[in-house]
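Read the structure below first, then the notes.
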Amino acid sequence: MDENTAAEAATEAATGAVGSDDYALSRVPRDKRLGFWTMLLQWLAQSGSISQFTLGATIGVGMTFGDAFLAFTLGAVILEVVIFAIGLAGMREGLATPLLTRWAGFGRNGSALVSLVISVSLVGWFGVQNTIFGDSVSALVGGPSWLWCTAAGVAITVLVIFGFRYMAVFAKIVTPLFFAMVAWSVTDALSDHSFSELIHSPPPGETIPLAVAATAIAGGFMTGAIVSPEMTRYNRKGSHVFLQSASSMILSEYIVGLTGVLLGHMVGSGQVSQIVLSTSGVFGVLVVLMSTAKINDWNLYGSSLGVVNFFQVVFGKRVHRGAVTIVLGIAGTLLSAVGIMTHFTDFLSVLGVAIPPVGGIIVAEYWVVRRMRAPLDATRDAETLPATSPTWVPMSLVIWAAAFCVGKFYDGGIPALNSLLTAFVLYCVLGLAGWIRTYGTTALDDTTEPVPAASGTATVGAP
């Protein structure tokens with residue numbers, strides 16, 4: 001039994017928790033990685049949702065098909081660059097984003113803050129998506145919304161408790177079925193209209209600028225791009241990361257998104273969910289359920305990984321990911337059932353601007369500055385973690401705050417991209433100039449006392 005598997009088994013035995021810990025605080029061993037087609041279906045499962053059709057229709061109301069094509073192309077390219085740069089690091093190291101940040105820009109204590117922001121954001125969106133599900137099914141087939149929220153929340157929580165491999169099996173089942181059902185509904189809706197006329201028709205509503213459309217497309221999935229290592233740590237090859245994520249972008253933006261544009265031109269409105277959900281009764285419920293579950297299981301899964309890292313850093317406790325999933329799933333489900341989560345969407349949108357700079361710092365440190373990652377390089381072949389990590393990297397927190405302000409308060413461009421690029425550029429410049437320093441060294445086992453650095457500080461990026 002390898003060290004990572006032994007550690008995971010020990011955690012499960014010690015806590016007595018159900019489900020899988022899923023290497024929450026260790027590398028995913030090479031022999032536990034999954035094959036190309038299994039991982040491809042996981043990626044494709046993230047590509048289609050009712051909200052993506054609605055986004056496409058909303059853009060279609062204000063843009064010609066050609067302009068919408070350019071907007072989706074711009075959004076897809078931006079997202080693919082971010083996903084590949086961060087996802088490849090996750091694949092190489094076998095680490096999820098919260099743990100990766102200990103050696104990629106933030107240090108031990110900074111990683112706790114990263115974990116908290118990611119966890120709150122993802123579990124918040126879990127609750128919001130669950131509310132959308134409950135309201136949609138209630139309107140479709142009747143019954144109280146809270147009941148459907150509870151049913152969906154419990155089902156997704158149970159799935160996520162048992163971890164990545166069960167989520168992969170779920171994706172294999174529901175992804176083809178979901179797209180088959182939606183394709184049938186959309187084809188039926190478009191069959192009475194000329195495809196050529198819809199493509200060449202003028203936008204039926206007020207014109208939407210290209211930058212605004214690209215903002216909606218790229219910004220809407222930017223948080224998912226930043227946490228892509230949660231998925232790519234199970235990949236075997238870097239080429240797989242590129243091919244799978246690119247396939248997901250093609251399906252999500254060019255097929256689902258542009259189909260939404262055609263629907264928007266057809267009905268003159270962004271409200272096209274009833275067309276996509278025209279399979280009534282139990283089949284309509286299944287479409288909504290699968291659309292929600294395919295996205296929402298990753299929201300809950302990513303949040304659980306962040307909480308595990310946060311607890312180890314802040315409280316020195318190794319908690320089981322399955323147990324954390326139960327707590328988060330119950331909390332998100334209850335809050336969605338009583339209708340509270342919809343009041344937090346503005347706050348969650350703010351967090352959506354706070355997370356992209358994390359990706360910019362990770363990419364800058366891991367691929368450009370490359371000084372904190374040396375311990376990862378030294379332990380990668382052995383599939384273990386470094387014995388220590390930097391305790392603090394204060395300048396990274398300053399860069400994070402500055403990049404957030406740019407994304408939040410600068411009106412031009414794409415806010416999520418603005419904050420990410422600001423963090424990337426600042427970290428590269430300051431890191432290569434030797435102005436980013438680590439302070440202190442902490443043993444990986446957080447139950448021990450911190451190990452002081454020999455000189456008190458270490459410079460990142462110095463010759």
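Counting only residues at least two apart or in different chains, side-chain hydrogen bond (donor to acceptor under 3.5 Å, both in side chains) contacts with residues 112-121 comprise S115-N309. Sorted by first then second residue, the ring pair (Phe, Tyr, Trp, His ring centres under 6.0 Å) pairs that include residues 64-96, not counting sequence neighbours, are F69-Y254, F84-F242. Residue pairs meeting the salt bridge (Lys or Arg N to Asp or Glu O under 4.0 Å) criterion with at least one member in residues 244-257: none, sequence neighbours excluded.
Side-chain contact between E230 and P98: present, with at least one pair of heavy atoms (C-beta onward) separated by less than 4.5 Å. The closest side-chain heavy-atom distance from L40 to Q244 is below 4.5 Å. Residues L95 and L376 are in side-chain contact: their nearest non-hydrogen atoms beyond the backbone lie under 4.5 Å apart. With a 4.5 Å cut-off on side-chain heavy atoms, H240 and M39 do not count as touching. Counting only heavy atoms from C-beta outward, the side chains of I83 and M249 approach each other to under 4.5 Å. Counting heavy atoms from C-beta on, the side chains of W367 and F424 never come closer than 4.5 Å. The shortest side-chain heavy-atom distance between I414 and M222 does not fall under the 4.5 Å cut-off. A 4.5 Å side-chain heavy-atom check between L420 and V363 finds every atom pair outside the cut-off.
Listed by chain and residue number, K172 satisfy the side chain to side chain donor-acceptor pair (under 3.5 Å) test with T38 (two or more places apart in sequence, or in another chain). Checked against ring-ring contact (aromatic ring centres under 6.0 Å, His included), F126 has no partners two or more places apart in sequence or in another chain. Applying the side chain to side chain donor-acceptor pair (under 3.5 Å) rule to T150 yields no partners; only residues at least two apart in sequence or on another chain are considered. Not a single side chain to side chain donor-acceptor pair (under 3.5 Å) links S396 to another residue, sequence neighbours left out. W298 meets the ring-ring contact (aromatic ring centres under 6.0 Å, His included) test with F164, Y301; sequence neighbours excluded. Looking at residues two or more places apart in sequence or on another chain, you find no side chain to side chain contact (heavy atoms under 4.5 Å, CB included) involving T187.
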Worked verdict on V358 versus F106 for side chain to side chain contact (heavy atoms under 4.5 Å, CB included): CA-CA 9 Å; V358 173; F106 288 90; 4.1 Å; yes
Where do T64 and D67 land on the side chain to side chain donor-acceptor pair (under 3.5 Å) test, with the steps shown first? CA-CA 5 Å; T64 66; D67 289 341; 3.3 Å; yes
Working for side chain to side chain contact (heavy atoms under 4.5 Å, CB included), residues V398 and L426: CA-CA 10 Å; V398 174; L426 285 177; over 6 Å; no
Step by step, work out the side chain to side chain contact (heavy atoms under 4.5 Å, CB included) result for Y166 and I161. CA-CA 9 Å; Y166 284 85; I161 286 172; over 6 Å; no
Apply side chain to side chain contact (heavy atoms under 4.5 Å, CB included) to the pair L210 and M63, showing each step before the final yes or no. CA-CA 8 Å; L210 179 63; M63 303 185 82; 4.2 Å; yes
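Under the 3.5 Å distance criterion, the side-chain polar atoms of H265 are left unmatched by any main-chain donor or acceptor of I199. The backbone N or O of I226 lies less than 3.5 Å from a partner atom in the side chain of T97, making a donor-acceptor pair. Judged by distance alone, with hydrogens and angles left aside, the side-chain atoms of R321 form a donor-acceptor pair with the main-chain N or O of S20 at under 3.5 Å. No donor-acceptor pair closer than 3.5 Å links the side chain of Q46 to the backbone N or O of S248. S201 contributes a side-chain N or O that, together with a main-chain N or O of L198, makes up a donor-acceptor pair within less than 3.5 Å. Remark: side-chain polar atoms of W43 are not paired, donor with acceptor, to backbone N or O of V241 under 3.5 angstrom. A donor-acceptor pair under 3.5 Å is formed between the side chain of R108 and the backbone N or O of V313. Judged purely by atom type and a 3.5 angstrom limit, T259 uses its side chain to pair as donor or acceptor with the backbone of I255. Proximity of a side-chain donor or acceptor of S336 to a complementary backbone N or O of T131 within less than 3.5 Å is not detected. Checked by atom type and distance alone, the side chain of S419 pairs as donor or acceptor with a backbone atom of A416 at under 3.5 Å.
Heavy-atom minimum distance, R33 versus N235: NH1-O, 2.6 Å. In plain terms, the two heavy atoms of I208 and A213 that are nearest each other are CG2-N, 4.0 Å. The minimum heavy-atom distance linking A403 with T422 is given by the pair CA-CG2, 3.9 Å. Scanning both residues, A96 and L305, for their nearest heavy atoms gives CB-CD1, 4.0 Å. Across every non-hydrogen atom of G75 and I217, the tightest pair is CA-CG2, 3.8 Å. The two atoms that bring V256 and S47 nearest to each other are CG2-O, 4.1 Å, heavy atoms only.
Note that CG of D297 and CE of M167 are 4.0 Å apart. Values are rounded to the nearest 0.5 Å. Note that the CH2 atom of W400 and the SG atom of C405 stand 12.5 Å from one another [nearest 0.5 Å]. With rounding to the nearest 0.5 angstrom, the CG atom of L99 is 7.5 Å from the CD atom of Q312. Separation of atoms CD1 (I118) and CG (L113) is listed at 10.0 Å; rounding is to 0.5 Å. Taken from CH2 in W103 to CZ in R373, the straight-line distance is 14.5 Å, to the nearest 0.5 Å. Atom CZ in F36 sits 5.0 Å away from atom CG in L243 (nearest 0.5 Å).
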Please table the atom pairs, donor to acceptor, closer than 3.5 Å between any side-chain atom in residues 140-147 and protein atoms at least two apart or in another chain.
from: S145; atom 1: OG; to: D135; atom 2: N; distance (Å): 3.3
from: S145; atom 1: OG; to: D135; atom 2: OD1; distance (Å): 2.7

Return a table of donor-acceptor pairs under 3.5 angstrom between the side chains of residues 86-93 and protein atoms on other chains or two or more places apart.
from: R92; atom 1: NE; to: Y366; atom 2: OH; distance (Å): 2.8
from: E93; atom 1: OE1; to: R27; atom 2: NH1; distance (Å): 2.7
from: E93; atom 1: OE1; to: R380; atom 2: NE; distance (Å): 3.3
from: E93; atom 1: OE2; to: Y366; atom 2: OH; distance (Å): 2.4
from: E93; atom 1: OE2; to: R380; atom 2: NE; distance (Å): 3.1
from: E93; atom 1: OE2; to: R380; atom 2: NH2; distance (Å): 2.7

Scan the side chains in residues 151-159 for donor-acceptor partners under 3.5 Å anywhere in the protein, sequence neighbours excluded, and list what turns up.
from: T157; atom 1: OG1; to: G153; atom 2: O; distance (Å): 2.7

